[in-house]
Number of protein chains: 2
Amino acid sequence: MPETTPHPSRRAHERQSGPLEITAPHRDLLDQVLDNWSLQVLETLCERPSRFNDLSRAIPAVTNKSLTATLRRLERNGIVERLVLDSRPVAVEYRITELGKTMRDPVDALLLWSATHLPAIEAARAAYEDE
Amino acid sequence: MPETTPHPSRRAHERQSGPLEITAPHRDLLDQVLDNWSLQVLETLCERPSRFNDLSRAIPAVTNKSLTATLRRLERNGIVERLVLDSRPVAVEYRITELGKTMRDPVDALLLWSATHLPAIEAARAAYEDE
DNA sequence: CTGTATCCCACGCGATACTG
DNA sequence: CAGTATCGCGTGGGATACAG
C-alpha cells in the first residue's frame, strides 16, 4: 500500500459521502438517456416492442421529429434496437436491448423516489411561495 | 386484426414490467432536480455546507446566473436551504436538507449504472458510427 | 408506414456589467 | 460577498409539409 499520505483531506470527505462524482462523459450519457421523451419511450418499450406509430400513439405529445431523434439517440447508445421487418409497406420495430433493460432499476429507483417525496416537495413549494 | 387490447391488457403488462410510469408532475420534478448544475451542487453540498462563492469555485464552469437559478430552484423544492449568516459583509450558507439527502440513493444508483455501463455504451456508439 | 426537410420561435444559458 | 440586470446567440423542439 503506497499510502500513508500526509494529506488525507481530499480522500477523507469522499469516503464519508461515498460515490456521487459527476464527470463529463457520465453527464453526457445521462443527458442523452434521461430526458423527457427517452424515458417515455423506454417505458413503452419495456412493456412491448413497438412500431414507430405505436410509439407515436403511446406518447401523444411527441412530434415525429423528436421521436425520431430520441430513437436514433437511444439506438446509438445501444439502449434500443431498430428492426426493419421486410413486410409489404415498410415496417420497423423498436425493442429494448439487454443494455437498455439495465436502466430500469436505477430509473425506477428515481421514479420511486419521486413518487415517495413529491408530496413533501409540493409542500416545500407551497411554503416557498408563501414567504 | 391483432390489435393491442386497450383496457384489460394494461393492467397485465404493468404487473409484468413493474413500476416505471412517468406523469407530468414527476417529469417536472426530475427536470428541476436532475439537470447538470443541480447534480453538481448536490454533490458539493453533500460533502459540506458551502457559501455561494465556494460553490462557484467548486463548479468552475457555472456562471453566477445559472448558479443562482439552480440554488433558487433547489431551495424552492426543499432540497437545499439558504441560511443568511449575520456577519460583517453578508454571508450566505447553503446546505442540503433532509429531503435533499433522500435524493442521494437514487442518484447514486444512476451514477453507478452510468459507471458500470459506460464502456458498453461507448462500444455501442462506436459500432453505430461504423455501419 | 416511417420517417425527412423546413421554418420558426421560445428560452436556456453564457458573457458582461453593475449593486447593496 | 452574494447576488441582479441586460443582452445576445445557439439550439431544442413544435408545426407543417413532403418523400420513399
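Every heavy atom of this structure was used, including side-chain atoms; hydrogens, water molecules and symmetry mates were not. Each chain gets a letter, A, B and so on, in the order the sequences are listed, and its residues count up from 1.
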Between atom [atom1] in [X] and atom [atom2] in [N], what is the gap in whole Å?
X: B:D31; N: C:dC13; atom1: CG; atom2: P; result: 11 Å
X: B:Q32; N: C:dG12; atom1: CD; atom2: C1'; result: 14 Å
X: A:D86; N: C:dT2; atom1: CG; atom2: P; result: 14 Å

- In this structure, CG of A:L29 is separated from CG of B:L110 (nearest 0.5 Å) by 8.5 Å
- Item | B:T44 side, atom OG1; B:I59 side, atom CD1 - distance, nearest 0.5 Å | 4.0 Å
- Message: I'd like to know if A:D54 pairs up with A:R57 as an ion pair, taking the criterion as any Lys NZ or Arg NE/NH1/NH2 lying under 4.0 Å from an Asp or Glu carboxylate oxygen.
- Response: yes
- Query: So does B:R82 pair up with B:E93, basic N to acidic O under 4.0 Å?
  - Reply: no
- Note on the structure: Quick tally for nucleotides 2-15 of chain D: nucleotides whose base has a protein heavy atom under 4.0 Å get B, sugar-phosphate-only ones S, the rest -, giving SBB-BB-----BBB
- Specify the angle, to 10°, made by the local axes at the two ends of the helix from C:dC1-D:dG20 to C:dG20-D:dC1 when five pairs are taken at each end. 50°
- If only atom types and distance count, is the side chain of A:R125 paired as donor or acceptor with the main-chain N or O of B:N77 below 3.5 Å? no
- Are the side chain of B:S66 and the backbone of B:N64 linked by a donor-acceptor contact shorter than 3.5 Å? no
- What pairs with A:W113 under ring-ring contact (aromatic ring centres under 6.0 Å, His included), at least two apart in sequence or on another chain? A:H117
- Message: Can a side-chain donor-acceptor contact be found between A:N53 and A:S56 if the only test is distance below 3.5 angstrom?
- Response: no
